[in-house]
A.B. asks: 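Below is the structure I would like to discuss, written out as structure tokens.
Remember, it's 1-based here, ligands and their atoms both numbered in the order they're listed.
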Amino acid sequence: MATFKAIRIDKADKGTTAALVQFDEAELMDGDVTVRVDWSTLNYKDGLAVTGRSPVVRRFPMIAGIDFAGTVEQSSHPQWKPGDQVICTGWGMGETHLGAYAEKARVKGDWLVALPKGLSAREAMAIGTAGFTAMLAVIALERHGLTPDRGPVVVTGAAGGVGSVATAVLAKLGYHVIASTGRAAEADYLKSLGAAEVIDRNELSAPAKPLAKERWAGGVDSVGSTTLANLLSMTKYGGAIAACGLAAGMDLPASVAPFILRGVCLLGIDSVMCPVEARKAAWNRLASDLDRAKLAEITREIGFDQVFDLAPQILAGQVRGRVVVKIS
Ligand code: NDP
């Protein structure tokens, strides 16, 4: 019987349990490609799954982990052959399909993206779902017509995973980036990523006025709730905010005023079910528009067993930048 190391989530009397176990290969779910997982990452959603803080896991037993970079071992999918280096993010991995914190994963070939040229598997996971989502947000803003000459852009949760990559990419593209953080001690870190200004997130957390002074032409928000409402009320005429997260809450206590009086747009960003063509475009942009030295500065590497310690920390907003998990 072949087994491999995995972080398994089981249902318990109260909530769920998570443990590093030997998982039986015969229990892998259906899929036409089997991958040796080389790297995974720690995302906010992984924190929720491993701690059981929120019911993101909807099948038991589950292997946690929502993204990986790895090497194809077996494939009956026409696009992939053994030895190919691939990336997989989302598609319900770690939620409804056995996930990435495992030495092996079996998935649908249609879910995979080839590792872009010039990017290592470790770098791809240093970016991970969070960085990929940040790039989807940047592309959505560009599609809206945002350019650096339209005015500053704001990034919330800036010291987190999505926020760090968004800050670095937008700065490289020539934007004046206003980074909002609750961690004043990370101001130098954010400036080193290219932020032109660092503001205290408390400026954006009080109940929002319908319209406030126009401060930015666009933004990437990973925080939600009153923060997103404030972002919208402070967006310049014709601008847009890309909403991708809920670190402060799922609610949106906003008014329609920014939409109907300033033509502001709220752009929704989803990385999980994002179509493959959009994924390829985002990964290619990440390969070209994210400074590798900055990516290295954002990234911290951990082993399999450290996921348990860091999961509560990411939920508490204490993890800076991105965490890569060495699997194989
Ligand atoms: P991180 O924990 O790395 O970053 C979140 C950041 O938000 C924190 O670092 C902190 O930044 C800030 N923050 C945390 N709690 C609060 C709070 N109560 N009020 C205000 N700010 C807070 O997580 P990720 O970057 O991985 O994910 C960010 C969000 O995006 C999550 O909600 C996640 O679920 C979502 N997400 C959505 C995706 C999608 O497909 N739409 C994909 C990936 C992530 P600071 O200390 O700088 O203030």
Side-chain angles (χ1 to χ4, degrees), residues 40-51 53-54 56 65-67 89-95 125-140 154-169 177-191 193 195 198-206 219-231 241-252 266-275 278-279 282 298-300 310-325:
S40 184
T41 86
L42 182 74
N43 294 281
Y44 191 87
K45 201 185 264 179
D46 298 314
L48 294 174
V50 169
T51 61
R53 186 84 57 83
S54 178
V56 291
I66 64 167
D67 48 12
T89 66
W91 298 115
M93 269 200 312
E95 300 179 72
M125 281 301 104
I127 295 167
T129 298
F132 167 62
T133 303
M135 184 48 96
L136 290 177
V138 171
I139 292 171
V154 63
V155 175
T156 61
V162 174
S164 292
V165 176
T167 300
V169 168
V177 179
I178 302 174
S180 163
T181 183
R183 289 179 268 180
E186 300 298 359
D188 287 345
Y189 163 76
L190 291 166
K191 288 201 168 141
L193 297 184
V198 177
I199 63 170
D200 188 322
R201 75 184 187 202
N202 284 333
E203 282 187 38
L204 305 172
S205 60
V220 177
D221 177 54
S222 54
V223 171
S225 192
T226 48
T227 300
L228 177 53
N230 275 294
L231 250 54
I241 301 294
C244 56
L246 42 59
M250 220 188 212
D251 58 332
L252 179 53
L266 178 56
L267 311 174
I269 305 301
D270 169 58
S271 65
V272 177
M273 301 308 288
C274 173
R279 288 172 187 257
I298 290 171
T299 309
R300 161 181 176 191
L310 282 179
Q313 289 179 27
I314 197 165
L315 299 184
Q318 291 164 352
V319 169
R320 181 174 98 174
R322 297 280 304 134
V323 176
V324 283
V325 184

A.B. asks: R279: what forms a salt bridge (Lys or Arg N to Asp or Glu O under 4.0 Å) with it, not counting sequence neighbours?
C.D. replies: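 For R279 there are no salt bridge (Lys or Arg N to Asp or Glu O under 4.0 Å) partners, ignoring immediate neighbours.
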A.B. asks: State, with a plain yes or no, whether a side-chain heavy atom of L246 is found less than 4.5 Å away from one of Y44.
C.D. replies: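 SC-SC contact between L246 and Y44 confirmed.
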A.B. asks: Which parts of the protein, at residue level, reach under 4.0 Å of ligand 1 through a heavy atom?
C.D. replies: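 Around ligand 1, where the cutoff is 4.0 Å for heavy atoms, the contacting residues are Y44, T129, A130, T133, G157, A158, A159, G160, G161, V162, T181, G182, R183, R201, S222, V223, C244, G245, L246, A247, A248, I269, D270, S271, I314.
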A.B. asks: What closest approach, in Å, do S164 and A159 show between heavy atoms, and which atom pair accounts for it?
C.D. replies: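 Taking every non-hydrogen atom into account, OG-O, 3.4 Å.
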A.B. asks: Name all residues meeting the side chain to side chain donor-acceptor pair (under 3.5 Å) criterion together with Q313; count only those two or more places apart in sequence or in a different chain, and write none if there are none.
C.D. replies: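 Partners of Q313 under the side chain to side chain donor-acceptor pair (under 3.5 Å) test: none.
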A.B. asks: Among all residues two or more places apart in sequence or in another chain, which pass the side chain to side chain donor-acceptor pair (under 3.5 Å) test with S40?
C.D. replies: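 None.
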A.B. asks: Looking at every heavy atom in both S180 and L204, which two are closest together, and how far apart are they?
C.D. replies: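 Scanning both residues, the minimum pair turns out to be OG-CD1, 3.6 Å.
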